[in-house]
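A short write-up of the structure that comes next.
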Amino acid sequence: QTQLVESGGGSVQAGGSLTLSCAVSDHTSSVYCMAWFRQAPGKEREGVAAIETAGRITYADSVKGRFTISRDNAKNTVYLQMNSLKPEDTAMYYCAAEHVHAVPTGWALRRSTYDYWGQGTQVTVSS
């Protein structure tokens, strides 16, 4: 069974930084496409960043140049470094995973691509 546990959320002022972590526990496989999604109150969950097993990285336009996704395969952990945070980045952030090496082009930030989800960690950015 694949379990994802996020950590690192919190409150920060605009312009600040946070780093989210997602630890994956699975005794059967270490092959994952990993992604971060976020959901603000009253809005749909949206893809923020994704990293495939071969290293291809995809970012949402709203976070390009500010957020960086990375992974440590030895630790089965994926990270999201968030810089220059804006109040509109306020949301619950979710880690997601799927047992594939890669996904079709354009699918990396689709919610339906992923079967495994963490419980979420709150990020609040004040102006």
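Inspection of the Q81 and T19 side chains reveals an N or O donor paired with an N or O acceptor under 3.5 Å.
Minimum interatomic distance between T58 and A108 (heavy atoms only, all atoms of both residues): OG1-CB, 3.8 Å. What you find for R71 and I51 is that their closest heavy atoms are NH1-O, 3.4 Å. Contact between T53 and C33 at its shortest, heavy atoms only, is OG1-N, 4.1 Å. When all heavy atoms of T77 and S21 are compared, the closest pair comes out as CG2-CB, 4.4 Å. Residue S70 comes nearest to V78 through the heavy atom pair O-CG2, 3.1 Å, listed as atom of the first residue, atom of the second, then distance.
In the hydrophobic cluster analysis, where Ile, Leu, Val, Met, Phe, Trp and Tyr join through side-chain heavy atoms closer than 4.5 angstrom, F67 is grouped together with I57. Hydrophobic cluster membership is shared by L20 and V63, with clusters built from Ile, Leu, Val, Met, Phe, Trp and Tyr side chains linked at under 4.5 angstrom. Tracing side-chain contacts under 4.5 Å through hydrophobic residues (I, L, V, M, F, W, Y), one never reaches F37 starting from L85; they form parts of separate clusters. Taking hydrophobic clusters as Ile, Leu, Val, Met, Phe, Trp and Tyr residues chained together by side-chain heavy-atom distances below 4.5 Å, Y59 shares a cluster with V48. Transitive grouping of hydrophobic side chains (ILVMFWY, heavy atoms separated by less than 4.5 Å) brings V123 and M34 into a common cluster.
Sequence neighbours left out, the pairs with a member in residues 109-119 that pass side chain to side chain donor-acceptor pair (under 3.5 Å) are E6-Q119.
At a threshold of 4.5 Å between non-hydrogen side-chain atoms, the residues T2 and Y32 count as touching.
Summarising the hydrophobic clusters (Ile, Leu, Val, Met, Phe, Trp, Tyr; side-chain heavy atoms under 4.5 Å, direct or chained), the residues clustered with W107 are V100, V103.
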Result block: side-chain N/O donor-acceptor pairs under 3.5 angstrom for residues 89-97, not counting sequence neighbours:
unit_1	atom_1	unit_2	atom_2	d
D89	OD1	R38	NH1	2.9
D89	OD1	R66	NH2	3.0
D89	OD2	R66	NH1	2.7
D89	OD2	R66	NH2	3.4
D89	OD2	K86	N	2.7
T90	OG1	P87	O	2.9
T90	OG1	V125	N	2.8
T90	OG1	V125	O	3.3
Y93	OH	R38	NH1	2.9
Y93	OH	D89	O	2.6

